[in-house]
Number of protein chains: 2
Amino acid sequence: MFQLSKKVEYGLIALRHMAMHPMGQVFTAKELAREYDVPYELLAKVLQKLARAGIVHSTQGVRGGYALGSDPRAMTVATVIQIIEEEKPMIAECYVEGPDSCSIFDSCTIRKPLGKVQRDLNILFDKMTIHQII
Amino acid sequence: MFQLSKKVEYGLIALRHMAMHPMGQVFTAKELAREYDVPYELLAKVLQKLARAGIVHSTQGVRGGYALGSDPRAMTVATVIQIIEEEKPMIAECYVEGPDSCSIFDSCTIRKPLGKVQRDLNILFDKMTIHQII
DNA sequence: TTGAAATCCGACTTCAGGAGTCCGATATTG
DNA sequence: CAATATCGGACTCCTGAAGTCGGATTTCAA
Ligand code: SF4
Ligand code: SF4
C-alpha cells in the first residue's frame, strides 16, 4: 500500500545514473539493465515513455541509446511519475477517474478534507528533483 | 496508484461520523453502512479492527454497536491507516518487507534518497487528525 | 426463557492492475 | 548487408484489493 511502482523506481534509477555522468552521454537500455539487475524489456518500455515525453533523447541503431534530454535540476519526481504512470499520484480514486468511478461519491464526507492531503502530497513530489537524489 | 484503500476510506468516514456526535454515543455498523452506502460486511470488519486496537469501543448484543474510544483530536490518520492496513504507508516495498523482498536491493541507488520522501510522508499523515476532517 | 439484534471471525470468490515476457518491425552504423 | 539498437503491441502470470457468505457468540427485552 502506497508504494510507488517498479516502473517508476526503475525509471528513477536510470535517470539518476544518467544524471551522474556528463550531459549528453549515451547509455543503452541493455547496459543499464545489466548494471542494476533490472529486467531489460521493462526498463526499455519505461525509457521509451520518457523519450516520448522528451525528458530523455533516444537514438536508434548501432551505437544508439538514451541520453538525458533536459536539466536534472529541473526534472521533478512528480513529472517522472506522471509520465510513467500516465497520471499524477492521486490519493483518491475519484480525483483521477471522476465522480462516476466511486459508488459512494455523493455520500462521501472525506473527499474534501482529503484535498488538503493531496495538495501537500503534490508539493512533496514537486519539490524533489532528480539532481537531489544523487 | 498511490490511492488509499477503500477500507481506510470507509474507516475514516465512520470515525468522522462518530466524532461529529457526542462522545460515547453508540452506532451500529448496519446504520453506518446504510447512511453512507458502504458494504456492510466490509465496514464491519474495519470497525472490528479498530475495536481490537482500542480506538473505538464495541458492545455486542441488542442495542449494541460502536462508540468512539478516544479523543478525535489525538486520533491521527496515520494510526488509522496503520491499524486497518496493519502497516504504515510505505513508499518502497523494501521498507516494509525487508531487503529480501526486492531483487535489486543491493544495486538500488534510490533507496536512501527516498527515505526523505518517506519521512515527509509520515509527517503529513501524522499531523492530520480525525477532528480536522470534520 | 426464548428470540431478535448485534458483534465477531474465518473462509471464500471475483476482479483489476502490476510485473514481467515475447515477438516482430524499424532505424542506424560500419 | 549484417549487427545492434529502439519501438510497440500483445500476451501471461500472479498478487492483493474488494466484496461476499455462513456460522458462532453475546446481550437485552419481552
Ligand atoms: S468519493 Fe470519497 S470514497 Fe469515493 S474515492 Fe473519492 S474520496 Fe474515496
Ligand atoms: S530496494 Fe530500491 S527498488 Fe527495491 S524496493 Fe527498496 S527502493 Fe524500491
Side-chain angles (χ1 to χ4, degrees), chain A residues 1-11 13-14 25-34 36-54 56-67 69 81 84-87 89-90 92-93 96-97 101-104, chain B residues 1-11 13-14 26-34 36-54 56-67 69 81 84-87 89-90 92-94 96-97 101-104:
Chain A
M1 156 117 285
F2 247 79
Q3 296 168 10
L4 34 84
S5 70
K6 290 295 178 187
K7 284 193 285 190
V8 169
E9 291 190 320
Y10 298 163
I13 290 175
Q25 184 167 348
V26 173
F27 304 89
T28 75
K30 200 165 291 182
E31 70 178 306
L32 287 173
R34 196 168 347 100
Y36 294 102
D37 279 308
V38 163
Y40 162 68
E41 291 91 351
L42 198 47
L43 177 60
K45 289 230 178 137
V46 170
L47 289 169
Q48 286 166 25
K49 274 194 178 176
L50 294 175
R52 258 168 291 174
V56 298
H57 180 250
S58 78
T59 53
Q60 289 195 355
V62 175
R63 311 285 310 157
Y66 297 92
I81 295 180
I84 296 179
E85 299 291 347
E86 290 170 3
E87 67 188 33
M90 293 287 193
E93 181 184 13
V96 44
E97 305 282 345
S101 64
C102 181
S103 55
I104 69 164
Chain B
M1 157 116 283
F2 247 81
Q3 295 167 10
L4 33 84
S5 71
K6 292 294 178 188
K7 285 193 284 190
V8 168
E9 291 189 320
Y10 298 163
I13 289 176
V26 173
F27 303 89
T28 75
K30 200 166 292 182
E31 67 177 308
L32 287 174
R34 197 166 349 100
Y36 295 103
D37 278 309
V38 163
Y40 162 68
E41 291 92 350
L42 198 46
L43 176 60
K45 288 225 180 142
V46 170
L47 288 170
Q48 286 165 25
K49 274 194 179 176
L50 294 175
R52 258 170 290 176
V56 298
H57 180 250
S58 79
T59 54
Q60 287 193 357
V62 175
R63 311 285 309 158
Y66 297 92
I81 294 179
I84 297 179
E85 299 291 348
E86 290 171 0
E87 65 187 35
M90 293 287 194
E93 180 183 14
C94 62
V96 43
E97 305 282 345
S101 63
C102 182
S103 55
I104 68 164

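The chains referred to below are lettered A, B, ... by the order of the sequence lines, with proteins before strands, and numbering in each begins at 1.
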*Heavy-atom pair of closest approach, residues B/H57 and B/T59*: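 Scanning both residues, the minimum pair turns out to be CE1-CG2, 3.6 Å.
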*Mind listing the closest non-hydrogen atom pair of B/V26 and B/G65 along with its distance?*
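B/V26 and B/G65 have their closest heavy atoms at CG1-CA, 3.5 Å.
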_On DNA chain C, does the nearest nucleotide to B/M1 precede the nearest nucleotide to A/G61 from the 5' side, or the other way round? Give the residue._
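Nearest-nucleotide comparison on DNA chain C picks B/M1.
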*Which sits closer to the 5' end of DNA chain C, B/S103 or B/L47, going by the nucleotide each is nearest to?*
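Nearer the 5' end of the strand: B/L47.
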*Of all residues at least two apart in sequence or in a different chain, which pass the ring pair (Phe, Tyr, Trp, His ring centres under 6.0 Å) check with B/Y36?*
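With neighbours one apart ignored, the set is B/H17.
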Which residues satisfy the side-chain contact (heavy atoms from CB on, under 4.5 Å) test with [X], sequence neighbours excluded?
| X | answer |
| --- | --- |
| B/A92 | A/E9, B/C94, B/Y95 |
| A/Q25 | A/H21, A/P22, A/F27 |
| B/E41 | none |

_5' to 3' contact window, DNA chain D with chain B (heavy-atom distance under 4.0 Å)_ =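 Boundary nucleotides touching chain B, in 5' to 3' order, are D/dA18 to D/dC28.
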_Between A/Y10 and B/I104, does the side-chain contact (heavy atoms from CB on, under 4.5 Å) criterion hold? Intermediate values first, please._
CA-CA 10 Å; A/Y10 298 163; B/I104 68 164; 3.8 Å; yes
_So A/I13 and A/L32, do their side chains get closer than 4.5 Å, heavy atoms only?_
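Not touching, per the 4.5 Å side-chain cut-off.
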*So what is the end-to-end bend of the helix from C/dT1-D/dA30 to C/dG30-D/dC1, with 5 pairs used at each end and the value given to 10 degrees?*
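For the helix from C/dT1-D/dA30 to C/dG30-D/dC1, the axes at opposite ends meet at about 10°.
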_Working to the nearest 0.5 angstrom, can you tell me the gap between A/E87 CD and A/I81 CD1?_
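A/E87 atom CD to A/I81 atom CD1 measures 10.5 Å (nearest 0.5 Å).
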Sequence neighbours left out, cut at 3.5 Å: what donor-acceptor pairs do the side chains of residues 42-49 of chain B make with other protein atoms?
residue: B/K49; atom: NZ; partner: B/I84; partner atom: O; Å: 3.1
residue: B/K49; atom: NZ; partner: B/E86; partner atom: OE2; Å: 3.1

Tell me every residue that passes side chain to side chain donor-acceptor pair (under 3.5 Å) with [X], counting only those two or more places apart in sequence or in another chain.
| X | value |
| --- | --- |
| B/S5 | B/E85 |
| A/K6 | B/E93 |
| B/Q3 | none |

*asked:* What range of DNA chain C does chain A touch, first nucleotide to last, counting atoms under 4.0 Å from its heavy atoms?
replied: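 Contact boundaries, 5' end first: C/dA19 to C/dT29.
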*Check DNA chain D against residues 37-46 of chain B and give the residues with a non-hydrogen atom under 4.0 Å, in numerical order.*
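Output list: B/P39, B/E41, B/L42, B/K45.
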